[in-house]
Amino acid sequence: MNETVNGLSEGKIVYTDKEFNVPELEWNPHPSFTGVFLKHLVKGDSSDGKFSCHLIRIKDGFEIGEHVHDGRWEFINIVGGTGKGEIAGKEFVCELGVSMVVPENVKHRIVAGSGDVYLLAKFIPALI
């Protein structure tokens with residue numbers, strides 16, 4: 001893992017009235033894609049449903065397969081690892097410094113290359 005992933009994984013989430021240590025948050029298996037795990041950094045119940053933010057790990061050899069988010073925009077930062085991405089049929093390299101703007105109802109996917117890929121995904125409105 002690089003410094004960015006380590007910082008996110010070992011950091012904290014600070015609100016006006018509470019805070020959470022990220023290492024204490026669970027890695028949740030993705031409900032649809034094997035080898036993909038999410039840490040829910042900000043859930044919709046903490047933002048009145050306006051947005052959510054998730055640290056996502058795609059294990060080496062796995063992918064977040066083609067999917068859409070009905071009625072939600074997604075902004076994805078690649079924060080670690082290297083893989084392949086596709087948005088609306090456009091292919092590109094997923095690596096540190098690349099971000100994706102995914103409009104609602106647009107097909108997209110990310111495949112881990114050699115090694116795990118880490119994403120920071122934000123949803124408007126909240127995913128969960």
Original post:
In terms of side-chain geometry, is the basic nitrogen of E63 or R109 positioned less than 4.0 Å from the acidic oxygen of its partner?
Top reply: yes
Original post:
CG/N105 to CZ/R72 distance, rounded to the nearest 0.5 angstrom?
Top reply: 10.5 Å
Original post:
What's the spacing between H40 NE2 and H54 NE2 if we round to 0.5 Å?
Top reply: 6.5 Å
Original post:
Do V111 and V102 share a hydrophobic cluster (ILVMFWY, side-chain heavy atoms under 4.5 Å, transitive)?
Top reply: no
Original post:
Are any non-hydrogen side-chain atoms of L38 and H30 less than 4.5 angstrom apart?
Top reply: yes
**OP:** Using a 4.5 Å cut-off on heavy atoms from C-beta on, say whether the side chain of W73 contacts that of V101.
**Re:** yes
Subject >> Reported NZ-to-CG distance for the pair K12 and L41, which is rounded to 0.5 angstrom >> reply: 14.5 Å
Original post:
Do the side chain of K107 and the main chain of E66 share a donor and acceptor less than 3.5 angstrom apart?
Top reply: no
**OP:** For the residue pair F33 and I58, establish whether any side-chain heavy-atom pair is separated by less than 4.5 Å.
**Re:** no
Pair up each side-chain donor or acceptor in residues 114-128 with any protein partner under 3.5 Å, not counting sequence neighbours, and list the distances.
residue: D116; atom: OD1; partner: D60; partner atom: N; Å: 2.8
residue: D116; atom: OD2; partner: R57; partner atom: NE; Å: 2.9
residue: D116; atom: OD2; partner: R57; partner atom: NH2; Å: 2.8
residue: K122; atom: NZ; partner: N77; partner atom: OD1; Å: 2.1

Original post:
Do I56 and V36 come close enough that some side-chain heavy atom pair is under 4.5 Å?
Top reply: yes
**OP:** Keeping the roles fixed (side chain from K39, backbone from V22), state whether a donor-acceptor pair exists under 3.5 Å.
**Re:** yes
**OP:** State plainly whether one hydrophobic cluster holds both W27 and V42, where clusters connect Ile, Leu, Val, Met, Phe, Trp and Tyr through side-chain heavy atoms under 4.5 angstrom apart.
**Re:** yes
Original post:
If you look at every heavy atom in G80 and V5, which pair is closest and at what distance?
Top reply: CA-CG2, 3.8 Å
**OP:** Would you mind reporting whether H67 and H108 have side-chain heavy atoms less than 4.5 Å apart?
**Re:** yes
Subject >> Check: V98 and V93 side chains under 4.5 Å, non-hydrogen atoms >> reply: no
Original post:
Looking only at heavy atoms, which two atoms of S46 and K18 are closest? And how far apart?
Top reply: OG-NZ, 3.5 Å
Original post:
Okay, side chain of N2, backbone of V79: is any donor-acceptor separation there less than 3.5 Å?
Top reply: yes
**OP:** Check whether any side-chain heavy atom of I110 lies under 4.5 Å from a side-chain heavy atom of M100, and answer yes or no.
**Re:** yes
Subject >> Gap separating the CZ atom of F51 from the CZ atom of F75, nearest 0.5 angstrom >> reply: 14.0 Å
Original post:
Atom CD1 in I76, atom OG in S99: separation rounded to 0.5 Å?
Top reply: 9.0 Å
**OP:** Indicate the atoms forming the closest heavy-atom contact of E86 with F92, along with that distance.
**Re:** N-CE2, 3.8 Å
